[in-house]
Protein chains: 2
Amino acid sequence: MLEKPIRDRKAERHAATRAEILDAAWEVVRSEGLAALSLRDLAGKVGMQAPSLYSYFDSKHAIYDAMFAQGARAYLEQVRATPLTGDPLTDLRAAVRCFVRFCSEDPARYQLMFQRTIPGFEPSPETFAIAIEGLELLERRLAELGVTDARSIDLFTALGTGIAAQQISNDPGGDRWTRLVDDAVDMFFEHVTKHLPLTRRDPT
Amino acid sequence: MLEKPIRDRKAERHAATRAEILDAAWEVVRSEGLAALSLRDLAGKVGMQAPSLYSYFDSKHAIYDAMFAQGARAYLEQVRATPLTGDPLTDLRAAVRCFVRFCSEDPARYQLMFQRTIPGFEPSPETFAIAIEGLELLERRLAELGVTDARSIDLFTALGTGIAAQQISNDPGGDRWTRLVDDAVDMFFEHVTKHLPLTRRDPT
DNA sequence: GCTCAATACGAACGGTGTTAGAGAAACCGA
DNA sequence: TCGGTTTCTCTAACACCGTTCGTATTGAGC
């Protein structure tokens, strides 16, 4: 096996340290809360002093931004991993359930990505693009089912975010709300089929 | 007109200063964001030094708590001021619209009361009781319409919070989502009438 | 071996919420 | 009207925060 050029090995180590910092950050954020992340604490967890972090991230917001990007990529992956059956009701249910599960399995991540309560923090355009990709994939799937009008899509997303928010604040980690997802999708399905004949595709 | 006892006048001035501080706090929070509230800034706005605030509130969280209580009382008032017509669909619509309007007319208040993103802040039991009173009033109204099962109530609140969250993040102050409220209530109404015959009361 | 960039560090700056203690002002009973 | 007491307000300070500066150390490239 060929040795990599030294340039790359250096960049590799840099990336590895970045990843290690982000892992530690997630750990803190999940146990102490999103806003409880302190650079001095974080640096301590990876065996550094606080200013050293600035060799890997431009600012604290840059760390949040990288975490946001990781979250957006994770969601994209989960959507892509959700199989399409061709049955509209089943696929709708899977889409909402995927979103709700993604939100409720990590409240800190949900807060970072969807509540946006860190003062002054906005995801960078490159990071935001990843999140947009996930939403567009969801919209494309809805469109394939025949749901194309903005009002229905708004209803759909409002239902999803509402259920996720309720679950996180009332029953984090519980399963009381997964059944609610079924109710919500049934309700939405009936509503939407009154106006649009949902298309049924062949299972792929 | 009788002079009030001096004790009371003292307490009155104390309460007036408290109110003045809270008004200034709302102003800051509405223009700069919830987490941007600083005691030194706030004290400056009411012509004090920061430590003087501690004569009126035990801590910064106590200020947030008082603001939370004001918000909860405001919601209670708005629900009580919403007239009941006796028509289930109209009353359901009014209930959601009231909640969504309350949330979206002041995003900072919404964040304080419903997103709960201030690290370490929890409303005190007395303050929380006011908020519970508003929710119970809403549940009582739903019960009068015949909506009594937990799943339907969950669906209802999920819809309301979801629409409010969407409106605040996507179109604060706009009216795009008020029509969505109508859609959502119609949808919920159809769903619920499939299982429960909504009662129709005489207008009061 | 020298050069240069990357990394790590201690010290410090301005900001935060909060506490301690001193001083002033207002109210109370006599 | 006079002490005594309570209430308010202030300055100074503490511990923490994100961040910057300047310096020392490291290690790869010529």
Side-chain angles (χ1 to χ4, degrees), chain A residues 2-22 24-25 28-29 32-68 112 117-122 124, chain B residues 2-22 24-25 28-29 32-68 112 117-122 124:
Chain A
L2 278 175
E3 284 288 321
K4 293 191 179 185
I6 298 174
R7 266 274 157 62
D8 288 7
R9 307 202 63 184
K10 229 174 134 180
E12 205 173 273
R13 220 180 31 218
H14 188 88
T17 309
R18 270 180 67 104
E20 191 191 347
I21 292 171
L22 289 180
V28 173
V29 147
E32 315 278 341
L34 185 62
L37 182 66
S38 131
L39 291 192
R40 284 175 172 83
D41 271 10
L42 179 58
K45 302 230 177 223
V46 295
M48 288 181 179
Q49 294 290 86
S52 302
L53 294 175
Y54 284 77
S55 298
Y56 301 96
F57 297 94
D58 286 342
S59 65
K60 189 182 185 184
H61 282 181
I63 297 179
Y64 282 134
D65 191 73
M67 297 169 78
F68 191 114
L112 172 66
T117 55
I118 299 166
F121 169 67
E122 283 274 331
S124 64
Chain B
L2 278 176
E3 284 289 321
K4 292 191 178 181
I6 298 177
R7 267 273 156 62
D8 287 6
R9 307 203 63 186
K10 230 173 133 179
E12 205 174 273
R13 220 179 32 215
H14 189 87
T17 308
R18 269 181 68 103
E20 190 190 348
I21 292 171
L22 290 180
V28 173
V29 147
E32 316 280 339
L34 185 62
L37 183 67
S38 131
L39 291 192
R40 283 174 173 85
D41 271 11
L42 179 58
K45 302 227 180 227
V46 295
M48 287 179 179
Q49 297 287 57
S52 301
L53 294 174
Y54 284 78
S55 298
Y56 301 95
F57 297 96
D58 286 342
S59 65
K60 190 184 185 183
H61 282 182
I63 297 180
Y64 282 133
D65 191 74
M67 296 170 77
F68 191 114
L112 172 67
T117 55
I118 299 166
F121 169 68
E122 283 273 331
S124 65

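Chain letters run A, B, ... following the sequence lines, proteins first, then strands; residues in each count from 1. Keep in mind that what you see is a predicted model, and the values were worked out from it rather than measured.
- Regarding A:Arg13, its CZ atom lies at a distance of 18 Å from the P atom of C:dA5, rounded to whole Å.
- Within the structure, every side-chain polar atom (N or O) of A:Ser52 is placed at least 4.0 Å from both OP1 and OP2 of C:dT7.
- With rounding to the nearest 0.5 Å, the separation of OH in A:Tyr64 from CG in A:Leu112 is 8.0 Å.
- In this structure, CD1 of A:Ile21 is placed 14 Å from P of D:dG18, rounded to the nearest angstrom.
- Residues forming a side-chain hydrogen bond (donor to acceptor under 3.5 Å, both in side chains) with B:Thr17 (at least two apart in sequence, or on another chain): none.
- Here the closest heavy-atom approach between residue B:Ile63 and residue B:Ala25 is recorded as CG2-CB, 4.4 Å.
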- Begin from the C-alpha positions of A:Met67 and A:Val29 and carry the test side-chain contact (heavy atoms from CB on, under 4.5 Å) through to its verdict. CA-CA 10 Å; A:Met67 297 169 78; A:Val29 147; 4.1 Å; yes
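- Scanning for side chain to side chain contact (heavy atoms under 4.5 Å, CB included) contacts around A:Glu32 gives A:Val28, A:Ala36, with sequence neighbours left out.
- Atom P of nucleotide D:dC21 and atom CD of A:Gln49 are separated by 19 Å, given to the nearest angstrom.
- Note: A:Leu34 CG to A:Thr117 OG1 = 6.0 Å, rounded to the nearest 0.5 Å.
- Of the side-chain N and O atoms in B:Tyr56, one or more sit less than 4.0 angstrom from OP1 or OP2 of D:dT9.
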Give each protein N/O atom lying under 3.5 Å from an N/O atom of nucleotides 19-23 of chain C, with the pair distance.
none

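- In plain terms, the two heavy atoms of B:Asp65 and B:Ser124 that are nearest each other are OD1-N, 2.6 Å.
- Between the NE2 atom of A:His14 and the C1' atom of C:dA5 there is a distance of 13 Å, given to the nearest Å.
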Every protein N/O within reach of nucleotides 14-16 of chain C N/O, cut-off under 3.5 Å:
from	atom 1	to	atom 2	distance (Å)
C:dT16	OP1	B:Ser38	OG	3.1

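- Separating the CE atom of A:Met48 from the P atom of C:dA6 is a distance of 16 Å, rounded to the nearest angstrom.
- By the salt bridge (Lys or Arg N to Asp or Glu O under 4.0 Å) test, A:Glu20 pairs with no residue at all, sequence neighbours left out.
- The nearest whole Å value for the distance from the CZ atom in A:Phe57 to the P atom in C:dA8 is 13 Å.
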Enumerate, atom names and distances included, each donor-acceptor pair closer than 3.5 Å involving a side-chain atom of residues 46-62 of chain B, sequence neighbours excluded.
from	atom 1	to	atom 2	distance (Å)
B:Ser59	OG	B:His61	N	3.4
B:Ser59	OG	B:Ala62	N	3.2
B:Lys60	NZ	B:Leu37	O	2.6

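- For B:Leu53 and D:dT7, the CG to C1' distance is 15 Å, given to the nearest whole Å.
- Across the protein-nucleic acid pair, A:His61 atom NE2 and D:dG18 atom P stand 10 Å apart, rounded to whole Å.
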